[in-house]
Amino acid sequence: MRVWAGSKGSAAATDADREVVAEDLRRIGSMAAGEGVTVSLEYHGGTLTDTNESAQALVRDTNHHNIRLYWQPPNAHDFNYCMDGLRAVLQHVSNVHVFYWKFEGQNRDQRPLAEGADIWMKYLAELRRGGSRRYAMLEFVRGETDEQFLADAATLREWVKQTG
């Protein structure tokens, strides 16, 4: 089950806000475990997974075996920041959103996935080193066309083969 980590970003959230989210995550984590379902937190702006540090703190503060992370590169950050964050939470990552955007400031340009080969091959290799089986889901497709989706899917399949 994929959920968001609250409705406030880390910069606006108080310690009390963070504890409310962590307590709710512990509650739903236990309920979901009873049904054989894991709970994964979406990496998303405006939530407590909007920065590497906040996502790491939330997992630590929640401290629940059934709470995982649905990782994606945080928006508008460089490769090193994203990779450092991935490495720090790797043991908690359930699955991954795969897409490729270029940023100029806060403006994003959805690009064909193949253009992100340099970074995504490194992310996928790191995810493989994590030892757990994970799934990679295409989330954003340039132009939202069937043709681009199929091209991106073929790219992702090839990368998975190469890193496997």
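All residue numbers in this chain count up from 1 along the given sequence.
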Any side-chain heavy-atom pair from E139 and V98 closer than 4.5 angstrom?
-> no
For A114 against W159, the heavy-atom pair lying closest together = CA-CZ2, 4.0 Å
Would Y123 and M83 satisfy side chain to side chain contact (heavy atoms under 4.5 Å, CB included), going step by step from the backbone distance to the final call?
-> CA-CA 7 Å; Y123 293 148; M83 182 60 89; 3.9 Å; yes
Is there a donor-acceptor contact under 3.5 Å from the side chain of R68 to the main chain of Q91?
-> yes
Short N-O contact, R27 and D24, less than 4.0 angstrom | yes
Sequence neighbours excluded, the answer for side chain to side chain donor-acceptor pair (under 3.5 Å) partners of T145 is none
Examine F149 and V96 and state if one hydrophobic cluster contains both, with Ile, Leu, Val, Met, Phe, Trp and Tyr joined whenever side-chain heavy atoms are less than 4.5 Å apart.
-> yes
How would you list all residue pairs meeting salt bridge (Lys or Arg N to Asp or Glu O under 4.0 Å) that involve residues 92-104, not counting sequence neighbours?
-> none
Tell me, please, which residues at least two apart from R87 pass salt bridge (charged side-chain N to carboxylate O under 4.0 Å, His left out).
-> E126
With side chains defined as the heavy atoms from C-beta onward, is the minimum distance between Q56 and H92 less than 4.5 Å?
-> no
Non-hydrogen atoms of T163 and A125 that approach each other most closely = CG2-N, 4.1 Å
Kindly write out the residues that satisfy salt bridge (charged side-chain N to carboxylate O under 4.0 Å, His left out) with R157, not counting sequence neighbours, or none if the list is empty.
-> none
Quick one: side chains of residues 28-38, donor-acceptor pairs under 3.5 Å with protein atoms, not counting sequence neighbours, listed by atom name and distance.
unit_1 : atom_1 : unit_2 : atom_2 : d
S30    : OG     : R26    : O      : 3.2
S30    : OG     : H64    : NE2    : 2.9

With sequence neighbours excluded, what pairs up with D50 under the side chain to side chain donor-acceptor pair (under 3.5 Å) test?
-> S10
Residue list, side chain to side chain donor-acceptor pair (under 3.5 Å) with T49, at least two apart or on another chain | T47
Which other residues belong to the hydrophobic cluster containing W101, where Ile, Leu, Val, Met, Phe, Trp and Tyr are joined when side-chain heavy atoms lie under 4.5 Å apart, directly or via other members?
-> F99, F103, F140
Hey, quick one: are W71 and M137 part of the same hydrophobic cluster, counting side-chain heavy atoms closer than 4.5 Å, chains of contacts allowed?
-> no
In this structure, CG of L86 is separated from CZ of R129 (nearest 0.5 Å) by 9.5 Å
Contacts of D109 meeting salt bridge (charged side-chain N to carboxylate O under 4.0 Å, His left out) (sequence neighbours excluded), chain-then-number -> R111
Output for pair (L127 CG, R134 CZ), nearest 0.5 Å, gives 5.5 Å
R2 (side chain) donor-acceptor with S40 (main chain) under 3.5 angstrom | no
Got a sec, which residues hit side chain to side chain donor-acceptor pair (under 3.5 Å) with D152, two or more places apart in sequence or on another chain?
-> Q148
Single-linkage hydrophobic cluster W4~V21, side-chain heavy atoms < 4.5 angstrom | no
Which residues share a salt bridge (charged side-chain N to carboxylate O under 4.0 Å, His left out) with D17, sequence neighbours left out = K8
Side chain to side chain contact (heavy atoms under 4.5 Å, CB included) between I119 and Y100: does it pass, once the steps are laid out?
-> CA-CA 9 Å; I119 62 169; Y100 184 61; 3.8 Å; yes
E23 CD to D61 CG distance, which is reported to the nearest 0.5 Å = 12.0 Å
Under a single-linkage definition using a 4.5 Å side-chain heavy-atom cutoff for Ile, Leu, Val, Met, Phe, Trp and Tyr, are L113 and M121 assigned to the same hydrophobic cluster?
-> yes
Mind checking the CG-CG spacing from L58 to L69? Nearest 0.5 Å is all I need.
-> 8.0 Å
Do the side chains of R18 and L48 get nearer than 4.5 Å, heavy atoms only?
-> yes
At what distance, to the nearest 0.5 angstrom, does OG1 of T62 lie from CD of E19?
-> 8.0 Å
Can you give the donor-acceptor pairs under 3.5 Å from side chains of residues 75-82 to other protein atoms, not counting sequence neighbours?
unit_1 : atom_1 : unit_2 : atom_2 : d
D78    : OD1    : N80    : N      : 3.2
D78    : OD1    : Y81    : N      : 2.8
Y81    : OH     : N52    : N      : 2.8

Would a 4.5 Å heavy-atom cut-off, applied to side chains only, mark L41 and L25 as touching?
-> yes
Going through the distances and angles, do Y70 and Y43 end up as a side chain to side chain contact (heavy atoms under 4.5 Å, CB included)?
-> CA-CA 6 Å; Y70 205 90; Y43 263 61; over 6 Å; no
